Visitor: 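Right, I'll just put the structure down here and ask away after.
For clarity, every value in this text was computed on a predicted model and none was experimentally measured.
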Amino acid sequence: MNTIYSLKAVLSELLFDLFGVDDIAIDLQETKKEFNGDITLVVFPILKRSRLSPEATAELIGIRLLEKTNIIDTYSVVHGFLNLTYSRGIVIKTFDTIKATPGFGIRKVDKSLPSSMIEYSSPNTNKPLHLGHIRNILLGMSISKILQASGMNTIQVQIINDRGVQICKSMWAWSQFSNGETPESSGMKGDHLVGKYYVLFDKEYKKQVSQSISSGVSEEEAKKSVKCIVQVQEMLLQWESGDSEIVKLWSKMNNWVYSGFDKTYKRLGTDFDKNYYESDTYLLGKIDIEEGIKNNVFFRKKDNSVWIDLSSDGLDEKLVLRKDGSSVYMTQDIGTAIQRFKDFEINSLTYVVGNEQDYHFKVLFLILEKLGYKWANKLRNLSYGMVDLPTGKMKSREGNVVDADDLMDQMELAAMKLSNELGKASFYDEIEHKELNISLGHGALKYFILKVDPKKRMVFNPDESIDFNGNTGPFLQYTHARISSLIRKGRGEQSKWSWDDFSLTEKERDLILFLSKFPEIIDSAALNLNPSIVASYLYDLAKIFNSFYQQHSVLNAETAQIVAFRVDLCKQIVSVMKTGLGLLGINAPDRM
RNA sequence: GGUCCCGUAGCUCAGCUGGAUAGAGCAUCUGCCUUCUAAGCAGACGGUCGCGCGUUCGAAUCGCGCCGGGAUCACCA
């Protein structure tokens, strides 16, 4: 339907007829604000074939274009730039199409097609979620919605790192220090309680190490031999051998953590279709390694460890099985990926993972390709930069993290405070007001994180980073609420309008043309695994609307027909805003 | 040392499949609420696009080389 595509088709034919140029040379781009027009053809690439001056070439194309199509109304030539203005007819048609398309921008999903699997969050169970997880979760959640909107079925999964030395540390400390403390008895969220003991372990460990050192043991030796760490190692072995007491404790503490995570996920608005647990999957992959040895993908060294040589791909040798036959991370990831393609009818798998693991995933994908899985080229990595604090890196075991729950509390509080300052509280009853502050606080946080290109590293300053003015979530929500209000108030206006009743203002044209880009924006965000594309589109849309709003009155427009038309236009804008914010996981309140 | 990512206004970021005078927000300053929500709008101020060389009619954008920041290359997870 898109006007740019139809224009490109016409141009393609025309330029071939005129000069014999191919599509590659057709460079169409939006016209800069300073010039008249909507879209610009850059004619420089055509000059070689046209053998005319830039101006003459542009003129010639302009004239012919007007003869050939009614998409374009007028043109102007500035140097080598042919600026084209869409005709009223095509603008009208564009708006009619948008209006006639329910859920404009969202492509229908064919349920019978294979799905795309997205893995994200992937927490450890020894500590609560923090700001780093928030970036991961928001990206995963948002990209899942975007993929759905672009017409894919999705399966959202997380792999929960529920075993290993980390959780044993929490278990050990709890056994030592807790006196049987539980989430119920302490009133703490389960994940926070377990995290508390993880930090306690670290303190105790450091204490024991320094005591050991002062009694004459070398630092290196002390770190390995201190009582608490030795006991943790024993615990891990007991867990692996299925010791019932240990497994019971492990299971109890993990369940505390899960109920805590569930609350946080719910608050963030995410939900997984399936959880994978590392305790179930950590043995996967060994069989595949054996298979790969037979096929000469892997090789065994003298000490019995198994490797893959990736030097011909510009990478190193990589271990896939230890000399004692036990797995490394890579082993599990190989096995888990293969398992997933068996478990589900999926045709792609996207991992949302911090960029510190780029190398790991590059290797993983390469190994799976070498193992001959044809879906290996459908593996993707949405890699994102770390979130650091002004004071440096967050470290859970040292406790200097921005906790996910605390952060959301803080955001809600800030929204409440601002709303009271602005004197808006009186419009609402208490519950409604609370919900609104949740929407706005979370909107600010989500937009702050998602508007940035995922691959950029970001510094988060809890005191300064979050704003409610300017290029922010609440600004978009405010714009949405404002338009909603117009529609509410305009409901009484029953006038019918037709295109013959009025001419379009410049801002109205801008809005219609800008709205029409929404589907491409979604496709582009899906293709690039980048929600920030949606975020900046919505921001631009809001800017254009607010500018329109300031210049023209909707409800007090010159005639009843124009009022009716503008209300209709508002309906389309509000729909795109709401859909778009939804893709970012942000609520769009009707008033605020 | 090898590899990957980042470097654009005082700060936070767009723009990067080459195109016209590099755009927003925050901060600072000026206007605009007795008319549809001022969490807004209009404007001012603010730039050697890290540096150099190259490719090109044209480079923030592509290539090469530096510089700065981060990550990674574990029989850790």
Side-chain angles (χ1 to χ4, degrees), chain A residues 24 27 29 31-35 40 42-45 47-48 54 78-81 83 124 161 163-166 278 282 301 303-307 314-329 332 354-360 362-363 383-386 388 393 415 418-419 421-422 424 427 440 443-444 448 451-453 455-461 464-465 467-479 481-490 532-533 535-536 539-540 542-543 545-557 563 566-567 570 591-592:
Chain A
I24 302 161
D27 184 4
Q29 53 193 251
T31 305
K32 300 254 172 190
K33 271 203 296 270
E34 312 83 77
F35 301 94
T40 294
V42 183
V43 302
F44 292 106
L47 298 182
K48 272 183 199 147
V78 183
H79 305 297
F81 301 91
N83 298 326
N124 296 330
N161 201 331
R163 61 167 287 280
V165 71
Q166 315 288 351
E278 207 190 83
Y282 81 108
K301 286 195 177 172
D303 66 358
N304 210 38
S305 57
V306 181
W307 298 74
L315 304 173
D316 306 307
E317 282 188 353
K318 187 80 191 174
L319 178 88
V320 291
L321 217 50
R322 295 191 185 110
K323 65 186 170 198
D324 64 3
S326 61
S327 321
V328 288
Y329 228 30
Q332 297 176 47
N355 63 9
E356 57 197 351
Q357 296 194 50
D358 282 359
Y359 183 78
H360 175 82
K362 206 169 167 184
V363 171
S383 144
Y384 61 90
M386 295 289 96
D388 294 325
K393 266 193 109 146
L418 179 59
S419 160
E421 265 170 32
L422 293 172
K424 303 217 172 189
F427 300 149
L440 295 177
F448 175 80
K451 76 173 175 183
V452 181
D453 188 330
K455 47 176 197 290
K456 291 208 176 180
R457 174 174 167 254
M458 59 196 282
V459 176
F460 183 85
N461 184 336
E464 291 171 14
S465 285
D467 207 341
F468 290 80
N469 298 310
N471 187 0
T472 66
F475 166 69
L476 299 182
Q477 292 170 310
Y478 175 74
T479 305
R482 203 185 214 185
I483 306 170
S484 297
S485 159
L486 289 174
I487 295 168
R488 250 191 332 268
K489 290 181 179 162
S532 77
I533 293 171
S536 66
Y539 177 65
D540 289 340
K543 290 283 285 180
F545 174 80
N546 281 323
S547 171
F548 161 77
Y549 179 89
Q550 194 269 337
Q551 266 187 35
H552 304 290
S553 179
V554 172
L555 299 177
N556 301 310
V563 172
R566 287 185 182 164
V567 170
C570 283
R591 56 194 191 122
M592 62 183 270

Visitor: With respect to the side chain of A:Tyr539, which nucleotide from B:U37, B:C73, B:A24 is positioned closest?
Guide: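 Selected nucleotide: B:A24.
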Visitor: Would you please indicate yes or no on a ring centroid separation below 6.0 angstrom for A:Tyr539 and A:Phe475?
Guide: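 Yes: the rings meet the under 6.0 Å criterion.
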Visitor: Please answer whether the main-chain N or O of A:Ser327 pairs with a side-chain N or O of A:Arg322 as donor and acceptor at a distance below 3.5 Å.
Guide: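 Looks like yes, one N/O pair under 3.5 Å.
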Visitor: Can you tell me how far P of B:U72 sits from OH of A:Tyr329, to the nearest Å?
Guide: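 My rounded result for the distance is 14 Å.
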Visitor: Could you measure between the two P atoms, the one in B:C16 and the one in B:U3, and give it in whole Å?
Guide: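 About 28 Å, rounded to a whole number of Å.
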Visitor: Please state the P separation for the pair B:G18 and B:G25 - nearest whole angstrom.
Guide: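 It comes out at 29 Å once rounded to the nearest Å.
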Visitor: Counting only side-chain N and O atoms of A:Asn556, is one of them less than 4.0 Å from OP1 or OP2 of B:U35?
Guide: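 For A:Asn556, the contact criterion (side-chain N or O under 4.0 Å from OP1 or OP2 of B:U35) is not met.
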Visitor: For the pair A:Phe460 and A:Phe448, name the ring-plane relationship: parallel under 30°, tilted 30 to 60°, perpendicular over 60°.
Guide: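 Ring orientation of A:Phe460 relative to A:Phe448: perpendicular.
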Visitor: Could you tell me how far apart A:Gln551 (CD) and B:C36 (C1') are, to the nearest whole angstrom?
Guide: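 In whole Å, B:C36 C1' and A:Gln551 CD are 15 Å from each other.
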Visitor: If we take the C1' atom in both B:G1 and B:A60, what is their distance in whole Å?
Guide: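 These two C1' atoms come out 31 Å apart once rounded.
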Visitor: Between protein and nucleotides 3-13 of chain B, map the contacts as a letter string: B base, S sugar-phosphate only, - none, heavy atoms under 4.0 Å, written 5' to 3'.
Guide: --SSS-----S
Visitor: Decide salt bridge (Lys or Arg N to Asp or Glu O under 4.0 Å) for A:Asp453 and A:Lys455; before the verdict, give the C-alpha distance in whole Å, the side-chain angles of both, and the deciding distance to 0.1 Å.
Guide: CA-CA 6 Å; A:Asp453 188 330; A:Lys455 47 176 197 290; 3.5 Å; yes
Visitor: Would a distance-only check, ignoring hydrogens and angles, find a side-chain to backbone donor-acceptor pair under 3.5 Å from A:Ser547 to A:Lys543?
Guide: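 Between the backbone of A:Lys543 and the side chain of A:Ser547 there is no qualifying donor-acceptor contact (under 3.5 Å).
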Visitor: Without decimals, in angstroms, what is the distance between A:Phe44 CZ and B:U56 C1'?
Guide: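 Interatomic distance, CZ of A:Phe44 to C1' of B:U56: 12 Å.
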Visitor: What's the OH-P distance between A:Tyr549 and B:U35, to the nearest Å?
Guide: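 It works out to 11 Å between those atoms.
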Visitor: Could you check whether A:Asn304 gets within reach of a base, just the sugar-phosphate, or nothing at all, counting any heavy atom under 4.0 Å?
Guide: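 Touches nothing.
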Visitor: Output all residues satisfying side chain to side chain contact (heavy atoms under 4.5 Å, CB included) with A:Asp358, sequence neighbours left out; order by chain, then residue number.
Guide: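 Partners of A:Asp358 under the side chain to side chain contact (heavy atoms under 4.5 Å, CB included) test: A:Asn355, A:Asn381, A:Ser383.
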Visitor: Return the set of residues passing side chain to side chain contact (heavy atoms under 4.5 Å, CB included) with A:Gln166 (not counting sequence neighbours), or none when no residue passes.
Guide: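 Result, side chain to side chain contact (heavy atoms under 4.5 Å, CB included) vs A:Gln166: A:Asn126, A:Lys169, A:Tyr198.
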Visitor: Taking OP1 and OP2 of B:U37, is either one under 4.0 Å from a side-chain nitrogen or oxygen of A:Lys424?
Guide: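 Looking at the OP1 and OP2 atoms of B:U37, neither is under 4.0 Å from any side-chain N or O of A:Lys424.
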Visitor: What pairs with A:Asn304 under side chain to side chain contact (heavy atoms under 4.5 Å, CB included), at least two apart in sequence or on another chain?
Guide: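 Partners of A:Asn304 by the side chain to side chain contact (heavy atoms under 4.5 Å, CB included) criterion, ordered by chain and then number, come out as A:Arg300.
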Visitor: Tell me which nucleotide among B:G40, B:A20, B:C36 gets nearest to the side chain of A:Phe475.
Guide: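 Closest nucleotide among those given: B:G40.
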Visitor: Can you tell me the distance, in whole Å, between the CD atom of A:Gln357 and the C1' atom of B:A71?
Guide: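 After rounding, the gap between these two atoms is 11 Å.
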Visitor: Do A:Asn546 side-chain and B:A38 base share a donor-acceptor contact under 3.5 Å?
Guide: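 Between B:A38 and A:Asn546, which were checked side chain against base, a qualifying N/O pair under 3.5 Å is absent.
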Visitor: Name the nucleic acid region contacted by A:Pro45, choosing base, sugar-phosphate or nothing; use a 4.0 angstrom heavy-atom cut-off, strictly under.
Guide: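 Touches a base.
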Visitor: How far, in whole Å, is B:A71 from B:C29 if one measures between their C1' atoms?
Guide: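 My reading of the C1' atoms in B:C29 and B:A71 gives 42 Å.
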Visitor: So does A:Thr40 reach the base of B:A20 with its side chain, donor to acceptor, closer than 3.5 Å?
Guide: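 Side chain to base: pair found, below 3.5 Å.
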Visitor: Side chain to side chain contact (heavy atoms under 4.5 Å, CB included) with A:Ser536: which residues, sequence neighbours excluded?
Guide: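 Checked A:Ser536 against side chain to side chain contact (heavy atoms under 4.5 Å, CB included); zero matches.
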Visitor: Scan A:Leu47 against the nucleic acid and name what it touches under 4.0 Å (heavy atoms): base, sugar-phosphate only, or nothing.
Guide: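 Here A:Leu47 touches no strand at all.
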Visitor: Measure the CG-CZ distance between A:Asp27 and A:Phe81 for me, rounded to the nearest 0.5 Å.
Guide: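 That separation rounds to 9.0 Å.
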Visitor: Could you provide the dot-bracket string of RNA chain B, using ( ) for intrastrand pairs, [ ] for crossing pairs and | for bases paired to another strand, with Watson-Crick or G-U pairs below 3.5 Å?
Guide: (((((((..((((.....[...)))).(((((.......))))).....(((((..]....))))))))))))....
Visitor: Can A:Phe81 be classed as stacking with the base of B:G19, given a centroid separation cut-off of 5.5 Å and a plane angle cut-off of 30°?
Guide: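 No, A:Phe81 does not stack on the base of B:G19, since the centre distance and plane angle fail the 5.5 Å and 30° test.
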Visitor: Taking the side chain of A:Ser547 as heavy atoms from C-beta outward, which of B:U72, B:G40, B:A42 is closest to it?
Guide: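 Nucleotide nearest to A:Ser547's side chain: B:A42.
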Visitor: Suppose you measure atom P in B:G52 against the same atom in B:U8; what distance do you get, rounded to whole Å?
Guide: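 Per the computed distance, 16 Å lies between those P atoms.
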Visitor: Hey, does the side chain of A:Ser485 come within less than 4.0 Å of B:U37's phosphate (OP1/OP2), counting only N and O?
Guide: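 For B:U37, OP1 or OP2 has a side-chain N or O of A:Ser485 closer than 4.0 Å.
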Visitor: Determine the interatomic distance between P on B:A74 and the same-named atom on B:U28; round to the nearest Å.
Guide: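 One P to the other, the span is 50 Å.
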Visitor: Taking the side chain of A:Tyr478 as heavy atoms from C-beta outward, which of B:C73, B:A38, B:G19 is closest to it?
Guide: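 The answer is B:A38, which lies nearest to the side chain.
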Visitor: Rounded to whole angstrom, note down the P distance from B:U48 over to B:U55.
Guide: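 Result for the P pair: 26 Å, nearest Å.
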Visitor: Would you kindly give the CG-to-P distance between A:Leu319 and B:A74, to the nearest whole Å?
Guide: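 Taking CG of A:Leu319 and P of B:A74, I get 9 Å after rounding.
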Visitor: Between atom CD in A:Gln332 and atom P in B:C76, what is the gap in whole Å?
Guide: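 It is 13 Å, rounded to the nearest whole Å.
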Visitor: Would you indicate, yes or no, if B:A38 has its OP1 or OP2 atom less than 4.0 angstrom from a side-chain nitrogen or oxygen of A:Arg482?
Guide: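 A:Arg482 to B:A38 OP1/OP2: side-chain N or O found under 4.0 Å.
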Visitor: Distance only, no hydrogens: is a donor on one side chain within 3.5 Å (strictly under) of an acceptor on the other, for A:Tyr478 and A:Asn546?
Guide: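 Absent: no donor and acceptor within the cut-off.
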Visitor: Assuming nearest nucleotide by heavy-atom distance, tell me which of A:Asp388 and A:Thr479 is located more 5' along RNA chain B.
Guide: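 Taking each residue's closest nucleotide, the earlier one in sequence belongs to A:Thr479.
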Visitor: What distance, rounded to whole Å, do you find between the two C1' atoms, one in B:C45 and one in B:G7?
Guide: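 It comes out at 25 Å once rounded to the nearest Å.
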Visitor: Taking the minimum atom-to-atom distance to the side chain of A:Pro474, which one of B:G19, B:A39, B:A71 wins?
Guide: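 Nearest listed nucleotide: B:A39.
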Visitor: Nearest whole Å is fine: how far is B:A77 P from A:Asn161 CG?
Guide: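 Those two atoms, CG and P, are 10 Å apart.
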Visitor: For A:Lys489 and A:Val554, what are the C-alpha separation, side-chain angles and deciding distance, and is it a side chain to side chain contact (heavy atoms under 4.5 Å, CB included)?
Guide: CA-CA 10 Å; A:Lys489 290 181 179 162; A:Val554 172; over 6 Å; no
Visitor: Between A:Arg591 and A:Gln29, which residue's closest nucleotide on RNA chain B lies nearer the 5′ terminus?
Guide: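 Between the two, 5'-proximity favours A:Gln29.
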Visitor: Can you check whether A:Ser536 has a side-chain N or O nearer than 4.0 Å to OP1 or OP2 of B:A24?
Guide: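 A:Ser536 to B:A24 OP1/OP2: no side-chain N or O under 4.0 Å.
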